[in-house]
Amino acid sequence: MAARWELVVAELVAERGDALVRYATLLSGDEEEARDMVQDALAATFGRLRNGFEVEQAEAYVRRAIANRFLDRARRGQRWRRIAPLVGERERLDSGSTLTGERLDMAARLQRLSPRERACIVLRYDEDRTVEQIATELGISAGAVKRYLSDALAKLRGILEREQGRLQREERSPGGTS
Amino acid sequence: MSGEEELRRRLQELPGPASRLDVDAVVERARKRRRPKVAAVTAAATGAGVLIVAPFVVPGLSPMSPSSTVMSDQGAAQEAAPEQDSSGGDASGATEADGSVALACAYPAIRAETGIEATFTDDPADGIAGVELLLPDEAGTLEVLGVGIAQVAVDDPLTIVAAQDLSVLEAAANAGSTTPGSEAGSVTLADVVLPDGPLLGCGIDAATAPAPLLLIELEGRRLAVVGDAYPVR
């Protein structure tokens, strides 16, 4: 007979697995990497949780583990990203992605944010968390969350304005290129 | 981005994943992590693959030492029903605050108590870290039951500035998979997810560095001990 915690894992994966992978995908920008991250987080969380946990409580732990793993991987990859050409990030996002059009653009814009800015934006606007909840989940102060959100929104506005300006220039240009 | 609602709408329009998670793989990996983590302590001369060899030479603990006291009060009850506790990974200390602080500030150093050296292999600030154990020539069996964090004074690593409560450590039971190091007597616990419980301050104003706080079982005795400081740049 399966242990209680195994039933909770099965229920969590069945009911919330897609949402967890989607959350990790928004953070990492890559569904395959996100899937690995979620599997790691689930195995680590249920490898230490004792019995008596319900799905909702377990999901909160798994989400925190996903955020920790994402920020940890981002920190380890920081050195590489400093020297990698910017186009490398865009290519990685495009390859294998099923996103098209505006959705692809939105995913690409997220990848232009720093890891903590991205995590704050996803938690605030996709997961509808409060600033205090984000602070707890990421282990940073509420003030820092507000700062990351403010900086990220400013960056996203700037990216969108540049994209719109480029689009307008292309529309005015007879050949479609400027 | 024209507004926060627009951003919310665009994010929530992004589709879900194309394929599903493999729940059997998750359960199997979690099962492996839940097994007791036993690190074989073998000196080069004793040969590999033998878990229980000659006992450690462990300096005797004073009966009044904090770790001994803690174990007699709490450890036995938790040992008796290790899977009955429903408080989970972030359970805060159930003991009285003053007593917890006193105990957290007096964990003995693992090096002094056992001759074992223990250090984080990477910065634990992100909640995940490896722990390397360097074991003395004497062979024995060491079981790592849980890993947490203490902050020790940079100038005096034997001084604990802040540390997690024992109940946090007991609730975590988080020691990761063990990977034998390349040298005899070296064991690395890889990617240990550290518990979130708060650190109790000891009222000392000093520059600090993180050190692993370990709940171990050595020769049938449970100990909560502090390892060596991780070099913080």
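Only this structure's heavy atoms are used, side chains among them; waters, hydrogens and symmetry mates stay out.
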Whether over 12 other heavy atoms sit under 6.0 Å from E15(A) CD
yes
Chain B heavy atoms under 4.5 Å from I159(A): which part of the residue, side chain, backbone, both or neither?
neither
Any residue meeting salt bridge (Lys or Arg N to Asp or Glu O under 4.0 Å) with R20(B), in chain and number order, not counting sequence neighbours
D18(A)
Heavy-atom donor-acceptor pair, Q164(A) side chain to E161(A) backbone, under 3.5 Å
no
Atom group of V9(A) that falls short of 4.5 Å from chain B, counting heavy atoms:
both
Donor-acceptor pair between S167(B) and D165(B) side chains, under 3.5 angstrom:
yes
The interface call for D24(B) against chain A, heavy-atom contacts under 4.5 Å, is neither
Any luck finding a side-chain donor-acceptor pair between E127(A) and Y23(A) under 3.5 Å?
no
Please look at L110(A) and chain B and tell me whether the side chain, the backbone, both or neither of the residue comes under 4.5 angstrom of a heavy atom of that chain.
side chain
Can you tell which part of A19(A) gets under 4.5 Å to a heavy atom of chain B, answering side chain, backbone, both or neither?
neither
Less than 4.5 Å to any heavy atom of chain B: does that hold for the side chain of D128(A), its backbone, both, or neither?
side chain
